[in-house]
Amino acid sequence: MHDLPNRSLAVQRSALQSGALIPLKTELISGADERFQLRRLISATPKHLTKAGPKPNPFRPWDPRLEVACQPEHVVLLNKYPVQAGHLLLITKQWQAQVDWLQAKDWQALSAVWKQQAGFWFFNSSAAAGASQPHRHLQLLPRDVGQPPCPLDAEFEALAQGGSPRWAWQHAVAARQLKPACNAEDLLACYQELAAALGIGTATSDQRPKHPYNLLLCDKWMVMVRRRKESHAGFSVNALGFAGYMLATDASDMSWLANCGGDALLDQVSV
């Protein structure tokens with residue numbers, strides 16, 4: 001994975017020309033709370049997200065035009081429907097269920113990518129947590145040095161340091177401060193601690209997590225949110241919603257959001 005950022009840019013240019021990459025078009029709109037970044041989807045919703053019933057697995061096989069790097073058990077791909085330029089996916093080569101526990105080899109693969117590309121990682125554990133595909137995949141949004149990972153960064157950092165959050169969904173979130181340049185073993189241990197703290201279970205005693213959850217990760221903190229449902233008032237919410245990024249579609253009740261606010265939306269979909 002030598003020089004992954006430049007490789008990603010080169011693949012992105014080629015994939016755009018071939019039509020393999022279809023960026024989602026959005027526009028920034030004003031919301032009820034400046035802490036959140038609210039965007040409206042102005043391009044068509046991808047068909048695979050609206051189709052009822054079983055969906056084809058886009059990762060078996062994956063589109064070689066989107067491949068950025070290859071590891072022994074994982075592949076780094078460009079997201080076909082990126083929310084920003086350079087939006088990456090880390091997928092397992094062989095079938096691994098999204099709803100199962102993240103394993104040591106997943107964290108080893110993530111750590112190897114992270115050494116090459118700084119950014120903000122997130123994971124949606126199941127459809128109830130906003131995952132669009134059942135095949136194991138983690139997502140990375142590249143960030144420049146010094147760039148905040150997400151709109152709620154300062155609040156998560158304070159929470160990881162033992163502070164009190166200002167949001168209503170505090171009973172559903174757990175955070176840990178990360179050591180500088182932590183390794184895959186540290187990340188796995190932190191992940192397991194958060195799952196236990198939220199009553200999601202442990203890999204040693206539970207075959208699968210007991211509840212759906214979202215995972216958010218930057219170089220300063222790891223955050224886990226326990227979920228109960230995927231959407232409310234026409235807003236679909238995945239991990240990015242809890243990071244402060246909200247997306248409105250034609251189905252979204254904008255008046256509800258204006259009256260109740262972003263925290264109320266997150267409270268509705270968390271425990």
Side-chain angles (χ1 to χ4, degrees), residues 1-12 15 20-21 23-24 48 57-127 129-143 149-150 178 181-192 194-195 203 209 213-219 221-224 238-240 242-243 245:
M1 287 194 300
H2 180 67
D3 201 12
L4 188 145
N6 285 335
R7 170 66 179 162
S8 178
L9 287 173
V11 174
Q12 184 174 250
L21 198 63
L24 294 180
H48 77 283
N57 186 345
F59 304 142
R60 292 194 73 188
W62 61 87
D63 189 336
R65 298 172 297 174
L66 300 175
E67 182 178 321
V68 175
C70 194
Q71 298 182 1
E73 297 189 55
H74 294 74
V75 179
V76 181
L77 305 174
L78 287 172
N79 190 327
K80 185 176 183 66
Y81 302 100
V83 299
Q84 70 160 69
H87 184 171
L88 296 175
L89 301 177
L90 177 65
I91 73 165
T92 54
K93 285 184 176 179
Q94 301 301 320
W95 165 259
Q96 294 290 335
Q98 187 81 346
V99 296
D100 287 342
W101 293 105
L102 292 176
Q103 302 171 9
K105 58 187 178 182
D106 296 313
W107 291 106
Q108 291 162 2
L110 181 151
S111 182
V113 173
W114 213 356
K115 290 174 181 177
Q116 290 279 324
Q117 175 66 72
F120 172 60
W121 289 90
F122 64 98
F123 177 76
N124 309 310
S125 75
S126 63
S132 61
Q133 302 295 340
H135 187 124
R136 178 79 48 80
H137 64 286
L138 295 105
Q139 305 190 53
L140 173 63
L141 300 181
R143 294 289 182 263
C150 65
L178 296 181
C182 62
N183 56 32
E185 290 75 17
D186 294 332
L187 293 171
L188 174 59
C190 188
Y191 166 69
Q192 293 171 336
L194 295 178
Y213 66 90
N214 295 121
L215 196 68
L216 302 88
L217 174 65
C218 72
D219 59 356
W221 44 258
M222 183 187 294
V223 167
M224 185 179 285
N238 64 10
L240 290 181
F242 289 92
Y245 298 108

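These numbers were taken from a predicted model, which means no experiment stands behind them. Heavy atoms only: backbone and side chains are in, while hydrogens, waters and symmetry mates are out.
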Please check if any side-chain donor atom of [X] sits under 3.5 Å from a side-chain acceptor atom of [Y], or the reverse.
X: H135; Y: Q98; value: no
X: N124; Y: H137; value: no
X: E67; Y: W62; value: yes

Value rounded to 0.5 Å, distance of [atom1] in [X] from [atom2] in [Y]:
X: L138; Y: L89; atom1: CG; atom2: CG; result: 9.5 Å
X: Q108; Y: H74; atom1: CD; atom2: NE2; result: 9.0 Å
X: F122; Y: L140; atom1: CZ; atom2: CG; result: 9.0 Å
X: L77; Y: L21; atom1: CG; atom2: CG; result: 11.5 Å
X: C150; Y: F242; atom1: SG; atom2: CZ; result: 12.5 Å
X: S125; Y: L215; atom1: OG; atom2: CG; result: 9.5 Å

[X] (side chain) donor-acceptor with [Y] (main chain) under 3.5 angstrom:
X: N214; Y: A129; answer: yes
X: Q71; Y: A109; answer: yes
X: Q116; Y: L4; answer: yes
X: N6; Y: D3; answer: no
X: R7; Y: V68; answer: yes

What heavy-atom pair brings [X] and [Y] nearest, and what distance separates the two atoms?
X: K80; Y: A20; result: NZ-O, 2.9 Å
X: S126; Y: V99; result: CB-CG1, 3.6 Å
X: C190; Y: L178; result: SG-CD2, 3.9 Å
X: A203; Y: W101; result: CA-NE1, 3.6 Å
X: P58; Y: Q133; result: CD-OE1, 3.2 Å
X: P209; Y: D100; result: CD-C, 4.0 Å

task = Give the C-alpha distance, both sets of side-chain angles, the deciding distance and a yes or no for side chain to side chain donor-acceptor pair (under 3.5 Å) between Q84 and R143.
result = CA-CA 11 Å; Q84 70 160 69; R143 294 289 182 263; 2.7 Å; yes
query = What orientation do Y245 and F120 show, parallel under 30°, tilted 30 to 60°, or perpendicular over 60°?
reply =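 Taking F120 first and then Y245, their aromatic rings sit tilted (interplane angle of 30° to 60°).
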ask   = Given the rule in the side chain to side chain contact (heavy atoms under 4.5 Å, CB included) test, do W121 and L110 qualify, once you have shown the distances and angles that lead to the verdict?
value = CA-CA 9 Å; W121 289 90; L110 181 151; 3.7 Å; yes
Is the shortest side-chain heavy-atom distance between [X] and [Y] below 4.5 Å?
X: W95; Y: N57; result: yes
X: L216; Y: W221; result: yes
X: L88; Y: S8; result: yes
X: L24; Y: P82; result: no

ask   = Can you check side chain to side chain contact (heavy atoms under 4.5 Å, CB included) on L217 and Y191, steps first, answer last?
value = CA-CA 10 Å; L217 174 65; Y191 166 69; over 6 Å; no
key: Worked verdict on L141 versus V83 for side chain to side chain contact (heavy atoms under 4.5 Å, CB included)   = CA-CA 9 Å; L141 300 181; V83 299; 3.8 Å; yes
ask   = What's the verdict on side chain to side chain contact (heavy atoms under 4.5 Å, CB included) for L66 and N79, showing C-alpha distance, side-chain angles and the deciding distance?
value = CA-CA 8 Å; L66 300 175; N79 190 327; over 6 Å; no
message = Between E73 and K93, does the salt bridge (Lys or Arg N to Asp or Glu O under 4.0 Å) criterion hold? Intermediate values first, please.
response = CA-CA 6 Å; E73 297 189 55; K93 285 184 176 179; over 6 Å; no
